[in-house]
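Note that this is a predicted model, so its numbers are computed, not measured. Each chain gets a letter, A, B and so on, in the order the sequences are listed, and its residues count up from 1.
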Amino acid sequence: MSLAQPAAESDYVPHRREFRFMRMLAFDVLLVLVTLVILFPFLMAVITALKSTSDIIQNPLGLPSSWEWGNFTRAWSEGHFGRYFWNSVLVVVPTVLGVIGCSLLAAFAFATTKFRGSTLLFALFMVGLTIPLDILIIPLFYEMLSLGLLDTLPALILPQIAIGLPFGILLLRSFIQDLPRELFEASALDGCSRFQMLRHIVYPLTRPAIAALLVFNFMWTWNQFLLPTVLIQSDERRTLPVGLNYFQGRYISDVSLLLAGATIAFIPVIVVYVIFQRQIIRGMTVGVTK
Amino acid sequence: MARTRGVGILTRGTIYLYLLPALAIYGLFFLRPLVDLVRLSTVEWDGLSQKEFVGVGNYRELLNDSEFWQAFQHNAVWMLAGVVVPTFVGLLAAIVLVRGAIHGRAAFRALLFLPAILSSVVVAVVWGFIYNPNYGVLNKGLDLVGLPARDWLGTPSFVLPALFVVWTWVTFGFSMVVLGAALQTVDESYFDAAKVDGAGRFQQLRFVLLPAIRRPLAVVVLINAIAAFQVFDLVFIMTNGGPFGSSNVLQLYMYHNGLQFNRVGYGSAVAVFLGSVILLFSLVFLRLSRLTKESD
């Protein structure tokens, strides 16, 4: 039988290519399915947010029988999400700028100059890499109370700058150390001040590290939950995660409103993620594969 | 190449100006609360009246506190599972994304990483809806295929596994991305050599791929362990430790004692214990990490 015969070489090649194409297609389809399963909770949340309450009970798995866009406007106004969103921005921006600014200055000092106690001081900063901020929440509460900062946004900003510094200093120091020293010597000959070196040499050449710090600290701060839960008490100063959690407590039975609120909370993060996706992924791998 | 280190371009006077902002904020809002935490763990205090020094009294009480040990046990199991499952799932995904014959690798990677960037409250709300006993999607789905509905977060024996599924959903993306980046650096010729030697797929995985990414794998395992031991947000929002403490974890126990039941000293002692374990793992991590090495 011809089927049992080994195919001639000239017949075999296109056949094999076809087979490979089919396999690749099967792999693609499989991966699409797996990805859909993993993204299912998102899709479910958005679809359910657009249903009416009776629709959720009668038709939990299907598409909405009527699309209730009003759930979103209700969540926005009743849920105070606009205010929470603004508070999150007011916390994240100074935190990220603070971490980058302070880390850059300190890392420049550590990387370029050996001074008395520099090793010890650097080690002291590295302690912050080993202890998570959440563990300090009890003393932080009493410290903010005694400083009169309880229930203010600086109570969230200052500790989050502090905990961002160790990684910032470590990352930037290692970048600055790798710059060729001739750059600094040449610029010194040209009459560059130390601060100008930082501004015109170090800053442009450490941009990838700064981008990574920006993205990381944005995400850490944007999603920080325990700190605002404990240190903020009034509704006007809640950030998005605590605001959403508070909203969840109040609207536990109004599922579509709750999921509309959750959708409002995750859309900005997804937008930032889509824009900065490359930086996020590159930043995450910098410590491991550098 | 000549390195910048030790160029000595800052003078003794100006160096402290560069260090001051970082040192001030770090000192006041990290080091000071850290010292305070250890001091608080040696007192009995309700947050208002006079502090009473009890030495190691709080720690001694911890030893005999069955609720504490129950929480510790949950943390230990959670960490073990948190090391194995997300790392394995992430590695699998990374192998498919990097070595699989697929289209649109970057797009798949971006989509699969999406759960990792969400705030824990969003995750908790969305999964709380899936697990909801009355109108949750999971029970409706089980109903369709004729399986019994359950109260996933309200049953002591289901609550931790149910929460852990959510944990895996959130954390596998990190392992996937980091291990994927490591896999991309593996030289293709190693695989070709192994194929010439007649190695099958599994043998290529075992003897070429895994040894080549040994170091990043160790880093990922440690980071996963550290993250898992600190589990808090999800449990706090979804179950608050219940039912009957069956999903209680150390950080939640710290929070309840120190900030809810006004047992400030006792809560601090729990925090010191938790912090010490994390510190231990972090030190191993820092030894492994390349960033902390002096470049040479």
Side-chain angles (χ1 to χ4, degrees), chain A residues 24 27-28 31 35 38 41 44-45 56-57 60-61 102 105-106 108-109 111-115 128 130-132 135-136 138-140 143 158-159 161-163 165 170 174 176-181 184 194 223 225 230 241 244-245 248 258 262 265-266 269 273 277 281 284-285 287-290, chain B residues 1-10 15 18-19 21-22 25-26 29-30 33-34 36-37 40 100-103 108 110-112 117-122 125-126 129-130 135 137 140 177-178 181-182 185 216 219 230 232-233 237 258-259 264 267-268 271 274-275 279 282 289-291 295:
Chain A
M24 202 154 168
F27 233 175
D28 284 344
L31 200 57
T35 308
I38 287 175
M44 208 60 228
I56 292 175
I57 293 163
L61 298 172
C102 296
L105 288 172
F108 183 55
T112 58
T113 312
K114 195 118 183 106
F115 55 96
T130 63
I131 290 164
I135 281 181
L136 302 178
I138 297 172
L140 274 174
E143 183 176 354
L158 293 165
I161 295 180
I163 200 68
L165 288 174
L170 177 65
S174 101
I176 300 172
Q177 272 175 8
D178 286 350
L179 301 176
R181 66 189 298 168
F184 292 95
R194 305 305 176 229
N223 291 337
F225 175 71
V230 174
L244 178 61
N245 190 40
Q248 151 169 268
L258 184 57
F266 72 62
V269 184
Y273 173 64
Q277 195 239 114
I281 287 178
M284 243 172 24
T285 52
V288 183
T289 52
K290 183 179 144 52
Chain B
M1 186 171 67
R3 302 286 168 176
T4 298
R5 182 158 180 81
V7 175
I9 59 174
L10 293 175
I15 190 116
Y18 285 82
L19 292 169
I25 295 181
Y26 183 72
F29 298 99
F30 178 78
L34 184 61
D36 281 351
L37 179 72
L40 282 174
I102 53 161
H103 297 101
F108 278 118
L111 283 173
L112 291 175
I117 58 157
L118 289 184
S119 117
S120 46
V121 191
V122 170
V125 167
V126 172
F129 168 65
I130 291 177
Y135 36 70
V137 181
K140 299 284 180 199
V177 166
V178 174
T185 64
V219 170
Q230 292 172 53
F232 173 79
D233 292 9
I237 304 163
L259 294 157
V264 179
S268 301
L274 183 57
L279 178 79
S282 304
S289 170
R290 289 186 181 183
L291 274 181
S295 46

Relative to chain A, which segment of Leu40(B) carries a heavy atom at a distance below 4.5 Å: side chain, backbone, both, or neither?
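Side chain only.
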Chain A contact via Leu111(B) - side chain, backbone, both or neither, heavy atoms under 4.5 Å
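Both parts, backbone and side chain.
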Compare every heavy atom of [Y] with every heavy atom of [X], then report the nearest pair and how far apart it is.
X	Y	answer
Thr130(A)	Ser282(B)	O-OG, 3.3 Å
Ile25(B)	Leu158(A)	CG2-O, 3.7 Å
Leu105(A)	Pro21(B)	CD1-CG, 4.1 Å
Tyr26(B)	Ala162(A)	CD1-O, 3.5 Å

Taking every non-hydrogen pair under 4.5 Å, which of Ala265(A), Ala262(A), Cys102(A) racks up the most with chain B?
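Most heavy-atom pairs under 4.5 Å with chain B: Cys102(A).
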By a 4.5 Å heavy-atom criterion (distance strictly below it), what part of Val269(A) contacts chain B: side chain, backbone, both, or neither?
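Contact with chain B is through both the backbone and side chain of Val269(A).
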Report the distance from atom [atom1] of [X] to atom [atom2] of [Y], rounding to the nearest 0.5 Å.
X	Y	atom1	atom2	answer
Leu165(A)	Phe29(B)	CG	CZ	12.0 Å
Thr113(A)	Ile15(B)	OG1	CD1	4.0 Å
Phe30(B)	Ile131(A)	CZ	CD1	4.5 Å

So does Leu118(B) get a backbone contact from the side chain of Tyr273(A), meaning a donor-acceptor N/O pair under 3.5 Å?
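Judged by distance alone, no pair lies under 3.5 Å.
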Got a donor-acceptor contact below 3.5 angstrom from the Asn223(A) side chain to the Ile117(B) backbone?
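Such a contact is found between Asn223(A) side chain and Ile117(B) backbone.
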Taking only residues two or more places apart in sequence, or in another chain, which ones meet Ser119(B) in a side-chain hydrogen bond (donor to acceptor under 3.5 Å, both in side chains)?
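So Ser119(B) forms no side-chain hydrogen bond (donor to acceptor under 3.5 Å, both in side chains) with any residue.
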